Number of protein chains: 2
Amino acid sequence: MTEIQLDTEKRILLAAKNVFVRKGFDGARMQEIADEAGINKALLHYYFRSKDKLFEAIFIEAFSGFIPKIAGLAIAETTFFEKVELIVHSYIDMLVANPHLPLFVLHEIQRNPENLVKMMSSMGVNPVLLGQIMSGISKDDSIRTIDFKHLLANILGMCIFPFIARPILQSLLFNQNKEEYDKYLIERKKIITEFVYNSLKL
Amino acid sequence: MTEIQLDTEKRILLAAKNVFVRKGFDGARMQEIADEAGINKALLHYYFRSKDKLFEAIFIEAFSGFIPKIAGLAIAETTFFEKVELIVHSYIDMLVANPHLPLFVLHEIQRNPENLVKMMSSMGVNPVLLGQIMSGISKDDSIRTIDFKHLLANILGMCIFPFIARPILQSLLFNQNKEEYDKYLIERKKIITEFVYNSLKL
DNA sequence: GTCTATATCGGGATAGAC
DNA sequence: GTCTATCCCGATATAGAC
């Protein structure tokens with residue numbers, strides 16, 4: 001992290017992100033955030049008026065990182081399978097760097113579903129945009145026909161699942177060997193790309 | 001539910017399951033469980049000594065339903081692809097009936113990872129058993145070679161993801177249309193089966 | 001801006017009557 | 001077994017000195 005001394009607000013946001021992501025909203029304690037930021041509770045309320053407000057600030061940032069950056073890819077001058085490879089690789093790299101992000105986002109999204117739609121549209125993600133990408137794919141006649149909605153869920157599911165289910169899978173498949181599991185996660189970049197390729201090529 | 005009047009303990013367990021699954025351990029309130037069971041808080045502590053104990057009882061049941069029943073399939077006298085189809089269909093049917101189960105289990109598994117291994121082995125799920133299934137698959141030379149660990153994550157990921165990410169995807173892909181999303185979930189039984197088939201057949 | 005001290009409240013747990 | 005009343009701690013939030 002190389003924190004040569006960030007200003008207080010930054011330190012709070014960093015600490016809050018760590019604690020909220022690890023514990024969820026209900027499990028997180030203002031005291032723990034204060035400790036991790038090297039300050040006291042009162043100062044948290046000085047910068048952010050309430051726990052809710054602080055959480056909101058964290059969540060927006062986390063959520064935007066979690067939504068796949070597929071918009072840009074829609075226009076890119078590459079083949080369909082190169083796009084898939086790019087999505088899978090960059091997404092898994094992001095997850096390796098932020099392994100607790102998915103479960104955090106998914107859990108808190110259900111706690112407060114109303115805010116979701118607002119955040120989505122404020123981020124420029126909407127069904128219309130996705131419809132355009134959709135039609136772009138079905139035009140490619142070198143691949144098998146597949147509904148974009150299903151393809152998206154397939155790819156994201158295969159990428160995300162091993163991260164959110166890590167405690168189960170690491171025990172079930174690797175006898176709790178952490179290093180082996182990290183290797184497994186990296187392997188999946190190639191595996192998933194090939195899996196999609198084999199399934200859709202004609 | 002047709003509850004013509006279950007005995008108190010059953011009513012508590014049912015109410016607790018609903019509340020815990022909806023809110024998670026930290027978010028759940030003993031008061032809310034009591035209300036939903038039609039009793040008061042004190043009686044909860046009479047039947048189950050603490051919130052932790054009550055949760056434990058719920059979680060074991062929920063967790064065992066969540067672990068795929070793949071053990072029996074290992075011996076079944078069917079082709080590989082028929083096994084895949086059977087797993088996908090029965091698993092998605094289970095998820096349709098219990099849509100909140102996955103996120104609940106996944107979240108609480110991280111809250112208390114130590115208990116996990118015990119529960120796994122007490123349920124007879126272990127790497128050795130999975131190793132046997134693994135070798136059973138690689139023997140089948142009518143399919144492309146794939147590491148069972150990756151295939152398992154692929155299938156489970158594709159099945160589970162649309163359920164845990166429902167609030168995002170329903171907004172992103174279906175403009176919040178609930179009925180359309182339910183249809184989409186059912187469609188996935190066929191889609192996933194075919195996706196795996198196309199990817200692995202030779 | 002940052003601290004200590006304190007108000008306030010919610011929620012898990014218990015006592016004890018019926 | 002089931003209830004009401006209460007204890008008690010922990011956690012958010014605020015007051016106010018420096």
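Naming convention: chains lettered A, B, ... in sequence-line order (proteins, then strands); numbering from 1 in each chain. If you're wondering where the values come from, they're calculated on a predicted model, not measured in any experiment.
Neither OP1 nor OP2 of dT2(C) sits under 4.0 Å from any side-chain N or O of N40(A). OP1 or OP2 of dT12(D) has not a single side-chain nitrogen or oxygen of S50(A) nearer than 4.0 Å. Of the side-chain N and O atoms in H45(A), one or more sit less than 4.0 angstrom from OP1 or OP2 of dA13(D). Side-chain N/O atoms of R29(B) include none lying less than 4.0 angstrom from OP1 or OP2 on dG10(C).
If you check the side chains of E108(B) and N112(B), you find no donor sitting under 3.5 Å from an acceptor. Counted by atom type alone, H100(B) and R22(B) present zero donor-acceptor pairs between their side chains at under 3.5 Å. N177(B) and Q170(B) share no side-chain donor-acceptor pair at under 3.5 Å.
Across the protein-nucleic acid pair, Q31(B) atom CD and dT14(C) atom P stand 17 Å apart, rounded to whole Å. Rounded to whole Å, atom C1' of dT14(C) lies 11 Å from atom NZ of K41(B). Atom-to-atom, CZ of F55(A) to P of dA11(D) comes out at 18 Å; the value is rounded to the nearest Å. Per the geometry, OH belonging to Y46(B) stands 5 Å off C1' belonging to dG1(D), to the nearest Å. For K51(A) and dT14(D), the NZ to P distance is 15 Å, given to the nearest whole Å. As a whole-Å value, the separation of L43(B) CG from dG16(C) C1' is 15 Å. For the pair M30(A) CE and dT14(D) P, the computed distance is 10 Å after rounding to whole Å. Per the geometry, CG belonging to D26(B) stands 15 Å off C1' belonging to dG10(C), to the nearest Å.
Backbone-only contact: A28(A) has heavy atoms under 4.0 Å from sugar-phosphate atoms and none from a base. Y47(B) comes within contact range of the sugar-phosphate backbone alone, with a heavy-atom separation under 4.0 Å but no base atom that close.
The aromatic ring centres of F55(B) and F20(B) sit less than 6.0 Å apart.
Put simply, the side chain of Y184(B) never gets that close to the backbone of P162(B): no donor and acceptor are under 3.5 Å apart.
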